[in-house]
Every structure is written in C-alpha cells, then in structure tokens.
2 protein chains.
Amino acid sequence: MIMIIIIDKREKEEIMARYSRQREAIRKQVSGRKDHPTAETLYAELKKDFPELSLATVYRNLGQLAEWGEVVKIDSYGAARFDWVVEPHSHFFCRECGCVVDMPEADDRMPRDIAEHFDGVIESSASNFFGLCKECKEKLDRESRN
Amino acid sequence: MIMIIIIDKREKEEIMARYSRQREAIRKQVSGRKDHPTAETLYAELKKDFPELSLATVYRNLGQLAEWGEVVKIDSYGAARFDWVVEPHSHFFCRECGCVVDMPEADDRMPRDIAEHFDGVIESSASNFFGLCKECKEKLDRESRN
DNA sequence: TACTTAATGATAATGATTATCATTATCGAT
DNA sequence: ATCGATAATGATAATCATTATCATTAAGTA
C-alpha cells in the first residue's frame, strides 16, 4: 500500500492579513540569507534599519509565515531556526560551530518507504544529521596534526 | 567514498561515578517503559516511591545516562524525551495526542547514502515523522463519519 | 474622514532546563 | 568502624527561548 505524504500548507486563515512594514522586512531578511537564522539573529540584523522593532514581532511574524508555508521552522536543538527553502530537505547540525547546512539529497526516498509500514498518517518528516561540518573537520584535523 | 558513521558513545568520563539510589531508581524507571517519557513524567512517577526526590536530580541523571550511552535523549519539539532503546531508530510524533512511537525500520539505509555526498563528518542522525498515530487517525475518522 | 480591527512594541509570564550551593552519602584508605 | 575526599542530592534561583497580555498605532474599507 502506497500512502501519499501530505505537506500541510494550510490556507491563509479566515482572518485577512494586513500589510505591515515589519512583516515585509522580516520576509525580505529571511529570504535574503542562506544560513538558517534564529529569531534573535534576524532581530539583531533588522534592528539596524528598524530600531523600533520588537523581538515579539519577529517571533509573531515568523510563526505566521511558517503557518502560511512561506518559511520552514526548524524546531530543534536550542533555538528554532528558519529556512526560506520550503521544499522538503534535511539539515545538518555542526556540534562545533553550531552552523546548520542543507542536505538536499536526503529526503523523498525514505518517507515513502516508511509510510507503507505505518498505520497512522505521516504528514511530514525531517531528517537531521549531526557531526562536524567541512570547515570544523578541517580545523580540528589541522590542530591535531600539531 | 564510503564513510563510517560513528555513534558517539564516549567512555564514562575521567571522574568516577558513584552509586546512588536515585540514579538506580531513574535507570529502572526509564528501562521499564516503552513510551518515551519526559523528565517531568519520570519525576512524577518516581516521586510516589521516593517523595524526597528532586526534579533537578532527574534531569541531572538523565543527562548523565545519555552521556554514557545508556539512554537516548530525543531532543525535539517541546520537552525532551528519553528512550531506553539506544540502537539507532526513528521516531514518530503524533500531533493530536502528543505520543511518540518508535519507527524501527527507518534508519540505516539512508545515512550511509548521504554520507557519500558530505564533506564533513556525520556522527549520528535522527529521522522524525509527524502526523496522526493509528489511534488518533481512527478516532478522527470515526468523528468525521457522524 | 471615520471606523473596525489587525499589527505593533513593551514587557510580564511561562515552560523547560541548567546553575548554584549548602548538606548528605558513597567508598577507598586508614 | 571511622575518616576524609568529593560525587550526588534537594531546594531553589537563574537562564533561555518563546508566548501571552494589553494599551497604542496603523491598514484598509465604508
């Protein structure tokens, strides 16, 4: 039995969303970066051009954007991180520098496989990898060689 | 290039660990259950036979046991959960009842695959699935039929 | 221009976890 | 058995990420 995996991009709510400069700025800031910033990081960056911005507004809007499927909330291991790339893919977490990098080739294959043996409904999945990123690996290699 | 995946079960520290009734009780409590209890849940249960127990002690010991590779800390989505099964496997999180169930057949295949395309070091991985468990699916099916 | 109400900023509150610290308990050596 | 060093504990304060509250501001429509 093949089971379809539903990625839950729900429609934009009953209540109509209004425009706001803050949300627009947050949207632009997230989409402009390839790292996976935390709310705090985005806040710090946005504050430069937007001194009156509140951290609560950043959290509020990121939550909303995630709900609308415009960003993905990577909800693990300390502070949540946000990703502009909404196509399903995995993430790697470096234990040394704390960076998060995309693992595009991971997904797709497996969930389908798993779903066949599962009695409930799988709506989404996330594969996380841990270890040392390229840079930290090389750095530690260099250090141990001394 | 095939890369070996190292599960980081580090040796039991320099400092020698001493016996304690509390740790023993915590160890027994975790190993005795198949759900994936949080620290708080374990605390509540242990408190019955151990009224003087402190929540801090539960956290402390679970952290230690995890460090020693005796339990696995499932570090995601709200409160951390602890698993006595240390062999690599995935978990399913039900969005309705919040239960966590094992997905034994998930791992193994994929990480090896991924590792070939990764320049750093992958030490471990975790695949998480989200959706509705069997019970909640059936319950919701029943309700929508009315 | 006025009105309705979504969005904001400031901040208090919450929840999970960790840190602190004085006291207690383990365990090897005496 | 008792001593001494120090790991472990219990109680609780502190921290960190996030959410809730609420009075004020600002979209967007009538």
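Note that the structure is a prediction, hence the values are computed from the model and not measured. Residue numbers start from 1 in every chain, and the chains themselves are labelled A, B, ... in the order their sequence lines are given, proteins ahead of strands.
In this view, B:His36 and B:His91 satisfy the ring pair (Phe, Tyr, Trp, His ring centres under 6.0 Å) rule, not counting sequence neighbours. For the side-chain contact (heavy atoms from CB on, under 4.5 Å) test, residues two or more places apart in sequence or in another chain that qualify with B:Val71 are B:Val30, B:Leu65, B:Ala66, B:Phe82, B:Trp84. A:Arg33 pairs by the salt bridge (charged side-chain N to carboxylate O under 4.0 Å, His left out) definition with A:Asp35, not counting sequence neighbours. In this structure B:Lys48 satisfies the salt bridge (charged side-chain N to carboxylate O under 4.0 Å, His left out) test together with B:Glu45, sequence neighbours excluded. Residues satisfying the side chain to side chain donor-acceptor pair (under 3.5 Å) test with A:Glu40, not counting sequence neighbours, are none. Here B:Lys73 pairs with nothing under the side chain to side chain donor-acceptor pair (under 3.5 Å) rule; sequence neighbours left out.
Rounded to whole Å, atom P of C:dA6 lies 18 Å from atom CG of A:Leu65. Atom-to-atom, CD of B:Glu67 to C1' of D:dA8 comes out at 15 Å; the value is rounded to the nearest Å. The CZ-C1' distance, from A:Arg23 to C:dA7, rounds to 7 Å in whole Å. With rounding to whole Å, B:Leu62 atom CG is found 10 Å from C:dT18 atom P. Put simply, OH on A:Tyr77 is 14 Å from P on C:dT17, counting in whole angstrom units. Spacing between atom CG of A:Asn61 and atom C1' of C:dA6 amounts to 11 Å, rounded to whole angstrom units.
Contacts between residues 43-53 of chain B and DNA chain D, counted as heavy-atom distances below 4.0 Å, involve B:Glu52, B:Leu53.
A:Trp68 and A:Val85 fall into different hydrophobic clusters, where Ile, Leu, Val, Met, Phe, Trp and Tyr residues are linked whenever their side-chain heavy atoms come under 4.5 Å apart, directly or through other members.
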For residues 54-63 of chain B, dump all side-chain donor-acceptor pairs below 3.5 Å to protein atoms at least two apart in sequence or in another chain.
unit_1	atom_1	unit_2	atom_2	d
B:Ser54	OG	B:Ala56	N	3.3
B:Thr57	OG1	B:Arg60	NH2	3.1
B:Asn61	OD1	B:Arg23	NH1	3.0
B:Asn61	ND2	B:Thr57	O	2.9

Do any side-chain atoms of residues 131-142 of chain B form donor-acceptor pairs under 3.5 angstrom with protein atoms, and if so which ones, sequence neighbours left out?
unit_1	atom_1	unit_2	atom_2	d
B:Lys134	NZ	B:Glu138	OE2	3.2

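For B:Gln22 and D:dG10, the shortest distance from a side-chain N or O to OP1 or OP2 is below 4.0 Å. The phosphate of C:dA6 has neither OP1 nor OP2 within less than 4.0 Å of any side-chain N or O from A:Gln64.
Using a 4.0 Å cut-off between charged side-chain N and carboxylate O, A:Glu24 and A:Arg27 make a salt bridge.
The other residues sharing a hydrophobic cluster with B:Tyr77 are B:Ile74, B:Phe93, B:Val100, B:Phe130, where clustering joins ILVMFWY side chains under 4.5 Å apart.
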Next on the checklist: So if I define the base as every atom that isn't primed, P, OP1 or OP2, how would nucleotides 18-28 of chain D read as a B/S/- string at a heavy-atom cutoff under 4.0 Å?
Outcome noted: BBBB----BBS

Using a cutoff of under 3.5 Å, can you pull out all pairs of nitrogen or oxygen atoms linking the protein to nucleotides 28-30 of chain C, with atom names and distances?
none

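Here the side chain of A:Ser54 is nearest to one of C:dA7, C:dA10, D:dG10, namely C:dA10.
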